[in-house]
Structures are given as structure tokens and as C-alpha cells.
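First listed ligand is number 1; within each ligand, the first listed atom is number 1.
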Amino acid sequence: MIERTLLLVKPDGVRRGLIGEVISRLERKGFKIVALKMVIMNKETAEEFYSVHKDKPFYKDLVEFITSGPIVGIIIEGDSAISVARMIIGTTDARKAQPGTIRGDFGLSIQENVVHASDSLESYNREYKIIFRDDEIINY
Ligand code: CMP
């Protein structure tokens with residue numbers, strides 16, 4: 001099924017010059033980029049984006065981290081985009097992520113794990129609206 005999903009290159013990924021690497025891997029896999037944007041999340045936006053984690057012990061640090069510099073929002077489109085993007089980025093803890101995945105190849109931290117990808121259609125529908133307006137997504 002053709003789906004869309006949201007990815008973020010997180011502040012560590014941007015600082016380390018990995019924007020191109022992330023986009024390149026998504027394009028090489030065959031996904032179409034339908035929206036792209038660099039932003040700096042403010043605290044309120046970050047708290048909303050990560051609201052499902054608000055009771056977790058790492059929530060405060062996570063909000064601080066995700067607002068610590070520019071991030072790049074990417075919406076891709078393609079077959080099974082949600083599950084395939086999760087496979088491409090690897091498991092949350094970059095120390096345990098498989099080599100060949102983005103986190104497996106570029107990360108060594110559970111918090112600073114280079115990228116984010118929506119974990120379900122429900123998450124995508126909630127998350128993309130926090131970063132993009134509907135008229136910023138290109139239908140082509
Ligand atoms: P992400 O896929 O963006 O979703 C939630 C984020 O919280 C996750 O990536 C990590 O950056 C962070 N995270 C998840 N678990 C932990 C943890 N145990 N300690 C610190 N940060 C975490």
C-alpha cells in the first residue's frame with residue numbers, strides 16, 4: 001500500500017553533516033520525497049511532538065535535545081513507507097541497531113540517535129502536522 005511517513009534528521013544528525021546521507025538512503029531505496037523543511041523546534045512544539053513520552057524519565061532531556069539545534073523534516077511516499085522507513089533507520093538504541101541501518105551506521109546513543117521516523121499511521125497523522133502544513137506537501 002502506498003503510504004507516507006515523516007522522518008526527522010535530529011540535531012545531532014544535522015550537526016554531524018548527515019542530512020544528505022539520510023535523504024540519499026531514502027531516495028536510493030526508491031522513496032519519493034514529497035516535503036522537506038529545516039526548522040528549530042521550540043519547547044512547546046517539542047513537548048507536543050513527544051507528548052506520548054511525557055511521563056518517561058528521559059522526557060525533559062529529550063525535549064532539550066530536540067530543541068538544541070536545527071532539525072530537518074522529511075516526508076516520503078512509497079510502498080509500505082511507514083514500516084520500511086523504520087527498518088532503514090534501525091532500532092531506537094543506536095548502540096544495538098543493526099549495521100546497515102542509519103542508526104546502526106552513525107549512532108552510539110539511545111537519545112542522540114540521528115533520526116526519527118513515525119511508528120504508525122496514527123503517529124504519522126499526528127506528527128506531520130506539527131512540522132508541516134498540508135500545502136507544503138507536494139502531490140506529484
Ligand atoms: P525517537 O524515535 O525520536 O522516539 C522517542 C525518542 O526518545 C527516541 O527516538 C530517543 O531519542 C529517545 N529515547 C527513547 N528511549 C530513551 C531512553 N531510555 N533514554 C533516553 N532517550 C530515549
Subject >> Test side chain to side chain contact (heavy atoms under 4.5 Å, CB included) applied to Glu27 - qualifying residues, sequence neighbours left out >> reply: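 Applying side chain to side chain contact (heavy atoms under 4.5 Å, CB included) to Glu27 gives Ile23, Ile33.
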Show which side-chain atoms of residues 78-91 pair as donor or acceptor with protein atoms under 3.5 Å away, not counting sequence neighbours.
residue	atom	partner	partner atom	Å
Asp79	OD1	Met1	N	2.9
Ser83	OG	Ser80	O	3.4
Arg86	NH1	Ala117	O	2.9

**OP:** Heavy-atom cut-off of under 4.0 Å around ligand 1: list whichever protein residues fall inside it, by chain and number.
**Re:**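 Residues within 4.0 Å of ligand 1: Lys10, Tyr50, His53, Phe58, Leu62, Thr92, Arg103, Ile110, Gln111, Asn113, His116.
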Subject >> Pairing residues for Phe132 by the ring pair (Phe, Tyr, Trp, His ring centres under 6.0 Å) criterion, not counting sequence neighbours >> reply: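 Partners of Phe132 by the ring pair (Phe, Tyr, Trp, His ring centres under 6.0 Å) criterion come out as none, since no residue qualifies.
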Subject >> Within 6.0 Å of NZ in Lys56, more than 12 heavy atoms from elsewhere >> reply: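 Count over threshold, so yes.
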**OP:** Give a yes or no on whether the backbone of Val114 and the side-chain of Asp12 come within a donor-acceptor separation of less than 3.5 Å.
**Re:**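 It does hold such a pair.
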**OP:** For Arg25 and Val115, run side-chain contact (heavy atoms from CB on, under 4.5 Å): C-alpha distance rounded to whole Å, both residues' side-chain angles, the deciding distance at 0.1 Å, then the answer.
**Re:** CA-CA 12 Å; Arg25 286 179 181 223; Val115 278; over 6 Å; no
